Amino acid sequence: MTAIGGTTRLVGLIGWPVAHSKSPLMQNAALAAAGIDAAYVPLPVAPEQVGDAVIGLRALGFRGVNVTIPHKMAVLPFLDSLTPEAEVVGAVNTIRVEGDGSLTGHNTDCLGAVRAVEQDGTPVAGRHVVVLGAGGAGRGVAAGVALAGAAAVTVLNRTVDKAQRLVEELGGRLRPLGVSPRWSAGSPDGSTIDWSTVDIVMQMTSIGMEDNPGVPVDPSLLHPEIHLLEAVYAPAETDFLRACRAKGLRTSDGLSMLLEQGAAAFEFWFDIPPDRDVMRAALSTG
Ligand code: NAP
C-alpha cells in the first residue's frame, strides 16, 4: 500500500456496515500499482448521518467515494448532478468530488456486469439478455445491458409482478434517451421464454449464497452457446456456475463483476484504467 503522507488524497466506501467489504483491498492494490498518492478507506456511516457524510466529503478534500447498502438511494438529494447511468437506475454507488466542489453521482454497478462479460469475450450490443432477479443487482444490470445496446432484455423473477414493474419503469426512463430494447418479464420456471433465442444470462438473484442454496433456473434449459454471468461471489463457484461450466457454457464469476464495478469507479475518479490483474489477485487473497 502507498505510504500515507501530507499529500495523500482520499477515496473510500460509505455504507452500514462496511467491515465485510473487499473494495479497500482491491482499490488500495490498484492505487499502489498505478503509483497514485491516494488511499481508500472504509467509512461506516449510520443511516441518519448520510447527508452529513456526503456534504463532508467536499470539506475533507476527498476525491470521491463508493456508496453501498443501505445508502445508494439516500445519497441522491445531496448530489449536484447524476451521470446517465445513475439517472436511469435511480441509485448511486460512486460519487466524485469535482474541481469546483460539486458532487457527481454515478452508477458503476450497472457497468460492471456488462464489462465482465465483454472482457470475457461476449459483446452485449445486439444480444438477447436474460436477467435473473429483480432486486437491486437485477435493476442495475437490466439498465446496464439496455444502455450497452442489448436488442432484447428479459427479466425473470420469482415475484413476477416485481419483474413486470421493473421492466415498465426502466423502459419509461430509457425511451427518452433513445434506448428501446424489446423488454419482457416473467418467471424463471422456463415456461415464459424460448431459451434458444437467449445469448447471455445475468444471474442476479441471491440464490447460491451459503444461506440460500439451490439454482435459479434448471441448467438443462440452457444451450452451450449462452454466456453466463454469476453475481454471487461467496462461494466463488455456486452450484449454478458449476453446472453451467460442466455443460460447456462460457462463464464469468461474481468476482469479475465486483472487479469491473470497482475498475469503473477507479477510472471515474482518476481518469486511468487500473491494473485488473492486481485487483483480482487482491480480491482472491482477501
Ligand atoms: P436483493 O435486492 O435482495 O434481491 C434478491 C433477488 O433474489 C430478488 O430478485 C429475489 O426474488 C431473488 N431471490 C432470493 N432468494 C430467492 C429464492 N430462494 N428463490 C427465487 N428467487 C430468490 O439482492 P441484490 O442486492 O439484488 O443482490 C443479489 C445478489 O447479487 C446477492 O448475492 C449479492 O451479493 C450479489 N451481488 C453481487 C455483486 C457483484 O459485484 N458481484 C454486486 C451486487 C450484488 P424476489 O423478488 O421474488 O424476492
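Worth saying up front: this structure is predicted, and the values here are computed from it rather than measured. Both counts, for ligands and for their atoms, begin at 1 and track the order of listing.
His223 and Ser196 share no side-chain donor-acceptor pair at under 3.5 Å. Side-chain atoms of Thr251 and Glu230 include no donor-acceptor pair closer than 3.5 Å. Between the side chains of Thr197 and Asp194, no donor N or O sits under 3.5 Å from an acceptor N or O.
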Note down each nitrogen or oxygen pair, ligand 1 side and protein side, whose separation is under 3.5 Å; give only atom names and the distance to 0.1 Å.
from     : atom 1 : to     : atom 2 : distance (Å)
ligand 1 : 2 (O)  : Gly136 : N      : 3.0
ligand 1 : 7 (O)  : Ser206 : N      : 3.3
ligand 1 : 9 (O)  : Ala134 : N      : 3.0
ligand 1 : 9 (O)  : Asn157 : OD1    : 2.6
ligand 1 : 11 (O) : Asn157 : OD1    : 3.3
ligand 1 : 15 (N) : Asn212 : ND2    : 2.9
ligand 1 : 18 (N) : Asn212 : OD1    : 3.3
ligand 1 : 19 (N) : Arg158 : NH1    : 3.4
ligand 1 : 26 (O) : Gly136 : N      : 3.1
ligand 1 : 26 (O) : Ala137 : N      : 2.7
ligand 1 : 40 (O) : Leu258 : N      : 3.2
ligand 1 : 41 (N) : Ala231 : O      : 2.9
ligand 1 : 41 (N) : Gly254 : O      : 3.0
ligand 1 : 46 (O) : Asn157 : ND2    : 2.8
ligand 1 : 46 (O) : Lys162 : NZ     : 2.7
ligand 1 : 47 (O) : Arg158 : NE     : 3.1
ligand 1 : 47 (O) : Thr159 : N      : 3.1
ligand 1 : 47 (O) : Thr159 : OG1    : 2.5
ligand 1 : 48 (O) : Arg158 : NH2    : 2.9

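In this structure, Ser21 contributes its side chain and Val18 its backbone to no donor-acceptor pair below 3.5 Å.
Legend: residues meeting side chain to side chain contact (heavy atoms under 4.5 Å, CB included) with Thr159, ordered by chain and number and at least two apart, are Asn157, Lys162.
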Test log, rule salt bridge (charged side-chain N to carboxylate O under 4.0 Å, His left out), inputs Arg173 and Glu169: CA-CA 6 Å; Arg173 288 188 193 179; Glu169 195 187 319; 2.9 Å; yes

